[in-house]
Amino acid sequence: MCRRTCVVLLAALMLIALVPVGADAKAPYTGRTWEYVNATVLLSPNWAFMVMPGHRFEFYRGADPKSSAKETFLWELFAGPIYIQKFDSFTFKLPLWYYYMGFPIDGNDKKPKVPGEERFWSHNIEVVPIFEFNLDALKITSRTIFHNKVYAQNSAYTTANQKKGHSLLIRQMLMLEYALTPMFSALLGDEIFVGVKEDGGTKDLAGGKFRGEPFYERKGFSENRLHAGFNIKFSPEISLSPQYVYDTTYLPESGYLLTSRNHYIMLTLNYVLKLY
């Protein structure tokens, strides 16, 4: 029953990505790469610490003949502890991470308006409850990210009160992983983004047109990511996860108008060090 319910939920989430409401045929579409290196140290049966740098690169941008690829457009860093509690066929994890996001200025604007501000950035706190269900060869994972932005440096926020604030975005992912062999499994998942709290000091800035990274979040459903790929275990310590990610973004205040379609080639290299 649990397996059937999760498959139905995942299919419904995938429809959001593949059949968007208010789709705009002129919405930009991109080709991008996305890389992570995930290093996790298992300190005890109940505690771990993770550091994960990331990088995103845009090599193609279509639908607008005047546009060009952005090249590197995001640097990321996650770091923080993870609480782990295991049961017979169920595992609960609770990471608490600091999340840095760095945004290089667009290639058409090489010279920053303010010296020393060649990059926009933000500081974020991530609370991430994860529920993993193991049903023989099938693992079902529910991951919820409470994305709390507490500081944002960009061209729109010019005062300390605007830069310091708080917005909350909830990201809900359902992932299915099916083991084809002990060392190789297939992945299929979907993730939705819903803003639930806006920053009071910046939400009305410029008529509310600034939303999403590198700005504070706005309320409403704004993004969907469909994941499909594999997980390859080379050893108990090292694994590689290549995935295709189809990412779509929307404007809630405009009837959920589709604003971009992004195609990612995503690679995650995982290393786990057990100290006990």
Side-chain angles (χ1 to χ4, degrees), residues 2-24 27-30 32 34 36 52 54 56 74 76 78 92-95 97 99 101 122 124-133 138-149 166-177 186-199 203 208 210-229 241 243-266 268:
C2 179
R3 183 183 304 186
R4 182 183 303 174
T5 300
C6 289
V7 171
V8 171
L9 287 174
L10 180 59
L13 291 172
M14 290 169 61
L15 287 175
I16 297 175
L18 299 176
V19 189
V21 178
D24 184 355
Y29 54 91
T30 67
R32 296 174 171 179
W34 186 356
Y36 281 126
M52 185 170 69
R56 300 189 206 179
L74 178 61
E76 302 175 89
F78 293 87
F92 171 71
K93 299 178 182 179
L94 185 61
W97 293 329
Y99 179 28
M101 306 181 77
S122 68
N124 311 272
I125 303 298
E126 314 293 291
V127 182
V128 192
I130 301 171
F131 300 87
E132 296 178 351
F133 301 89
L138 177 65
K139 181 168 76 172
I140 302 171
T141 301
S142 171
R143 185 194 71 186
T144 307
I145 298 179
F146 293 87
H147 176 65
N148 296 273
K149 187 175 299 302
H166 178 249
S167 67
L168 174 59
L169 174 75
I170 293 181
R171 298 170 47 180
Q172 175 60 47
M173 171 182 276
L174 183 65
M175 177 71 75
L176 306 182
E177 180 176 355
L187 303 172
L188 183 63
D190 197 88
E191 182 177 26
I192 60 173
F193 293 59
V194 180
V196 297
K197 182 184 183 300
E198 299 179 352
D199 175 61
K203 67 177 182 178
F210 299 111
R211 65 174 303 124
E213 306 295 351
F215 310 106
Y216 286 104
E217 298 294 340
R218 301 288 301 279
K219 287 184 178 180
F221 167 69
S222 60
E223 192 168 352
N224 192 97
R225 286 179 184 163
L226 172 65
H227 294 249
S241 179
Q243 296 182 33
Y244 164 70
V245 180
Y246 178 55
D247 174 82
T248 50
T249 62
Y250 306 86
L251 282 178
E253 65 269 25
S254 300
Y256 298 98
L257 177 71
L258 176 66
T259 57
S260 69
R261 297 163 289 167
N262 307 301
H263 302 272
Y264 284 95
I265 300 170
M266 181 179 182
T268 303

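Of the N and O atoms on the side chains of Glu198 and Tyr216, not one donor lies less than 3.5 Å from an acceptor on the other residue. In the model, Thr249 has no side-chain atom that pairs as donor or acceptor with a side-chain atom of Glu223 under 3.5 Å.
Between Phe131 and Phe92, the distance separating the two ring centers is shorter than 6.0 angstrom.
With values rounded to the nearest 0.5 angstrom, Leu226 atom CG is found 13.0 Å from Ile192 atom CD1. How far OG of Ser167 is from NZ of Lys219: 12.0 Å, rounded to the nearest 0.5 Å. The CD1 atom of Ile145 sits 9.5 Å away from atom CD of Gln172, with the distance rounded to the nearest 0.5 Å. Distance check, rounded to the nearest 0.5 Å: OG1 of Thr141 to CE of Met173 gives 9.5 Å. One distance of note links CZ of Arg211 with CD of Glu253; it measures 4.5 Å at 0.5 Å rounding. Residue Asp190 holds its CG atom at 11.0 Å from CZ of Arg225, rounded to the nearest 0.5 Å.
Each of Leu176, Val245, Leu188, Leu187 was evaluated against His227; a single residue qualifies, Val245, per the side-chain contact (heavy atoms from CB on, under 4.5 Å) test.
Other residues, nucleotides and ligands contribute more than 12 heavy atoms inside 6.0 Å of the NZ atom of Lys197.
In this structure, Leu169 and Glu217 approach most closely via the heavy-atom pair CB-CG, 3.8 Å. Considering all non-hydrogen atoms of both residues, Asn148 and Phe146 come closest at ND2-O, 3.0 Å. Counting all heavy atoms, side chain and backbone alike, Thr259 lies closest to Pro28 at O-CD, 3.1 Å. Closest of all the heavy-atom pairs between Tyr256 and Tyr250 is O-CD2, 3.5 Å.
In this structure, the side chains of Tyr36 and Arg56 come closer than 4.5 Å at one or more pairs of heavy atoms. Looking only at side-chain heavy atoms (C-beta outward), Glu191 and Met175 stay at 4.5 Å or farther from each other. Leu94 is listed as a side-chain neighbour of Val127, based on a closest heavy-atom distance under 4.5 Å.
Using a distance-only test at 3.5 Å, with no hydrogens or angles considered, no donor-acceptor pair links the side chain of Ser122 to the main chain of Pro214. Proximity of a side-chain donor or acceptor of Asn124 to a complementary backbone N or O of Tyr99 within less than 3.5 Å is detected. Within the 3.5 Å criterion, the main-chain N or O of Ser260 finds no donor-acceptor partner in the side chain of Asn262. Looking only at distances, a side-chain donor or acceptor of Asp199 sits under 3.5 Å from a matching main-chain atom of His166.
With respect to the salt-bridge test (charged N to carboxylate O, under 4.0 angstrom), the residues Lys93 and Glu132 qualify.
Ring-plane geometry between Tyr244 and His263 is classed as parallel, the angle between the planes falling under 30 degrees on a 0 to 90 degree scale with a further cut at 60.
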